[in-house]
There are 2 protein chains.
Amino acid sequence: MATGRTHRPATRSRGIPEATVARLPLYLRALTALSERSVPTVSSEELAAAAGVNSAKLRKDFSYLGSYGTRGVGYDVEYLVYQISRELGLTQDWPVVIVGIGNLGAALANYGGFASRGFRVAALIDADPAMAGKPVAGMAVQHTDELEKIIDDNGVSIGVIATPAGAAQQVCDRLVAAGVTSILNFAPTVLSVPDGVDVRKVDLSIELQILAFHEQRKAGEGAIEAAEGAVGVEGPAAKVTKPAAGGGTHRKGPDGDVPAVMPA
Amino acid sequence: MATGRTHRPATRSRGIPEATVARLPLYLRALTALSERSVPTVSSEELAAAAGVNSAKLRKDFSYLGSYGTRGVGYDVEYLVYQISRELGLTQDWPVVIVGIGNLGAALANYGGFASRGFRVAALIDADPAMAGKPVAGMAVQHTDELEKIIDDNGVSIGVIATPAGAAQQVCDRLVAAGVTSILNFAPTVLSVPDGVDVRKVDLSIELQILAFHEQRKAGEGAIEAAEGAVGVEGPAAKVTKPAAGGGTHRKGPDGDVPAVMPA
DNA sequence: TCATGTGAACAGATTCACAGCG
DNA sequence: CGCTGTGAATCTGTTCACATGA
């Protein structure tokens, strides 16, 4: 889901639903593990368990790729690894650049999963002149001035942004102008890009906030019903048409009328 | 999307659809920015643009929280910030532990977005005895032996796993046994957890693979039709019932019969 | 006989379009 | 009049359940 703004339907490219595409890497990982253990075939049931999905979904997913299984038997591991790899475009080499070599950028550069599976870190780029030339993950960091040249020389079409939020849009614009058409954004900002450019974002604080939401709910559990009935903890129930106290238009908060504004 | 295995329906908790919950942090961020610029109100149109969604979706999302807007005017920024914060459970403090202080763990520890918005790093934990006591992000790293005690003493319910894949499940088990009920997993593995525990995963290589899929498609463009017709690039068309060459059962690959197995 | 592959039923999310209210 | 709030239509994704074929 993280395909960012401005670029839309992105619907099923050549018939494969987006949700399925997002699961293919999961299957591929599970299959690779099986392959390493020289397991020749798997059933949808086994593979689904390894990938953490249910088997009906997995079979449906695979059905979009074609009929690659054998009824009564299962799927040939090696063959599926190949098919999924090809479908994902991993049989070719994808040079990527990482822009912003701070803590996170360095972590990404060192991340092994990057190098495997068809991705190759073509360059590490940072705006800080003091970083230029410094070795990170066995590679010399290059200055932002070189960005366009690097993209061009290496035929880079995928860029990773690991800069502070403030710099992200500007970096993004330069990447796109230089020919990058897919961006993985770690900066906590919404990027705008022209049509035809894909953006996916990875956002730590968003993930945490989603967890907090569910966590909060767990704590409440049975108390919720009671509280809602009694105090009217928001929801349509709290739709007080006229504010009970305080002259303003709004301020219909359930636990006290004045919002306790969050710290920045 | 990312709610991990074993725990499922997870559907709408108390009426708010999961998809909406996932966008609330986005709105909150945009609203916080407006708040800092002292903007008093926003229309759904403006806010949607800032958050990178469309306005109908945003209005629908907000409608699940209650009727917090004013027709003909828009939404009160401060008020919405408060409502969303409360809905997400950010008006309380969430102590989190980060397990695995490698490159990534250190990056996370240093990540500012952590500290803001209700999350507090209660401890950094690593299995390497050599790391113990070392300062990272102004905090002394503690040894895994202390894990249970730390969780308990600090009332931690959210854990972040940034260990290598091999250690993740084991760490996860210990976190859960110690009382953690929400986990953010950066290790490239499927975690199994008992019912009632939420897992969200952030997986760099999966994101890249999804980008590669779309990237590949862009490159192909009009050529796809032709190629499929001519060579029979898989799809139902490639459903060769009997392998053309090579004795095996499968191996129906389009560009060469032997799968070019990926490197690990 | 067994597990795949898939139509059909269902569920969830998005978009449309407009009634309703400030 | 302008913008929110929301039913209804649509679209996407998931699950069911079973016919099909190795």
Side-chain angles (χ1 to χ4, degrees), chain A residues 1 3 5 8-13 15-24 27 41-49 51-76 79-80 83 234-236 238-243 248-250 252, chain B residues 1 3 8-13 15-24 27 41-49 51-76 79-80 83 235-236 238-243 248-250 252:
Chain A
M1 56 190 55
T3 307
R5 150 176 183 46
R8 306 31 334 328
T11 35
R12 41 177 68 191
S13 310
I16 301 180
E18 194 54 35
T20 295
V21 171
R23 281 188 295 266
L24 292 181
Y27 302 144
T41 60
V42 255
S43 66
S44 61
E45 203 69 57
E46 296 165 323
L47 184 53
V53 302
N54 82 38
S55 64
K57 196 186 291 188
L58 178 143
R59 287 200 304 279
K60 182 65 102 180
D61 283 342
F62 285 180
S63 80
Y64 293 117
L65 308 184
S67 299
Y68 292 154
T70 306
R71 290 168 200 245
V73 178
Y75 301 91
D76 180 289
Y79 184 62
L80 249 193
Q83 287 301 338
E234 66 83 283
K239 207 174 166 180
V240 187
T241 344
K242 282 293 171 194
T249 326
H250 282 305
K252 323 151 193 166
Chain B
M1 350 136 222
T3 308
R8 349 28 352 35
T11 35
R12 44 176 67 190
S13 310
I16 301 180
E18 195 52 35
T20 294
V21 171
R23 281 187 295 267
L24 291 181
Y27 301 145
T41 60
V42 253
S43 68
S44 62
E45 203 69 57
E46 295 164 325
L47 184 53
V53 301
N54 81 38
S55 63
K57 196 186 292 187
L58 177 142
R59 287 200 303 279
K60 182 65 101 181
D61 284 341
F62 285 179
S63 80
Y64 293 115
L65 308 184
S67 297
Y68 293 153
T70 306
R71 289 165 199 248
V73 177
Y75 301 91
D76 181 291
Y79 185 62
L80 249 193
Q83 287 301 338
K239 205 175 168 178
V240 188
T241 345
K242 281 294 171 193
T249 326
H250 282 303
K252 324 154 194 165

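Residue numbering restarts at 1 for every chain, and letters A, B, ... go by the order of the sequence lines. Every heavy atom of this structure was used, including side-chain atoms; hydrogens, water molecules and symmetry mates were not.
Pairing each heavy atom of B/D76 with each of B/T41, the nearest pair is CA-CG2, 4.2 Å. Nearest approach of A/N54 to A/A48, heavy atoms of both residues: C-CB, 3.8 Å. Residues B/G69 and B/Y75 approach most closely at CA-CD2, 3.4 Å, considering heavy atoms. Shown here for B/S63 and B/K60, the closest heavy-atom pair between the two residues is OG-O, 2.6 Å.
The nearest whole Å value for the distance from the CZ atom in A/R23 to the C1' atom in D/dT12 is 11 Å. Counting to the nearest Å, the C1' atom of D/dA17 and the CD atom of A/E45 are 14 Å from each other. We find that CG of B/L58 is positioned 16 Å from P of C/dA13, with the value rounded to whole Å. Between the CG atom of B/D76 and the C1' atom of D/dT4 there is a distance of 15 Å, given to the nearest Å. Distance, B/L47 CG to D/dT4 C1': 13 Å, rounded to whole Å. Between A/F62 atom CZ and C/dA3 atom P the separation is 16 Å, expressed in whole Å. Between the P atom of C/dA13 and the CD1 atom of B/I16 lies a distance of 12 Å, rounded to the nearest Å. Protein atom OH of A/Y64 is 9 Å distant from nucleotide atom P of D/dT14, rounded to whole Å.
Mapped onto DNA chain D by nearest heavy atom, A/A19 and B/V42 fall at different nucleotides, with B/V42 at the one closer to the 5' end. Along DNA chain C, the nucleotide nearest to B/A56 and the one nearest to A/D61 differ in position, and the one closer to the 5' end is contacted by A/D61. Comparing B/V73 and B/T20 against DNA chain C, the residue whose closest nucleotide sits nearer the 5' end is B/T20.
Contact check for A/Y68 versus A/F62: no side-chain heavy atoms found under the 4.5 Å cut-off. At a threshold of 4.5 Å between non-hydrogen side-chain atoms, the residues A/L80 and A/Y27 do not count as touching.
Checked against side-chain contact (heavy atoms from CB on, under 4.5 Å), B/T20 has the following partners two or more places apart in sequence or in another chain: B/I16, B/P17, B/R23, B/L24, B/D61, B/Y64. In this view, A/R59 satisfies the salt bridge (Lys or Arg N to Asp or Glu O under 4.0 Å) rule with no residue, not counting sequence neighbours.
For A/K57, the side-chain atoms get nearest to D/dT15 when compared with the rest of D/dT15, D/dG5, C/dA3. The side chain of B/E18 approaches C/dA13 more closely than any other nucleotide in the set D/dG5, C/dG5, C/dA13. Here the side chain of B/S63 is nearest to one of D/dG13, D/dT6, D/dT14, namely D/dT6. Taking every side-chain heavy atom of A/P17 into account, D/dG13 is the closest of D/dG13, C/dA17, C/dT4.
A/N54 has no side-chain polar atom (N or O) that falls below the 4.0 Å cut-off from OP1 or OP2 of D/dT14. A close approach under 4.0 Å does not occur between any side-chain nitrogen or oxygen of B/Y75 and OP1 or OP2 of C/dG22. For A/S44, a side-chain nitrogen or oxygen approaches OP1 or OP2 of C/dT4 to under 4.0 Å.
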Within the sub-3.5 Å range, which N or O atoms of nucleotides 7-10 of chain D have a protein N or O partner, and how far apart are they?
residue, atom, partner, partner atom, Å
D/dG7, N7, B/K60, NZ, 3.3

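A donor-acceptor contact under 3.5 Å links the side chain of A/R71 to the base of D/dT20.
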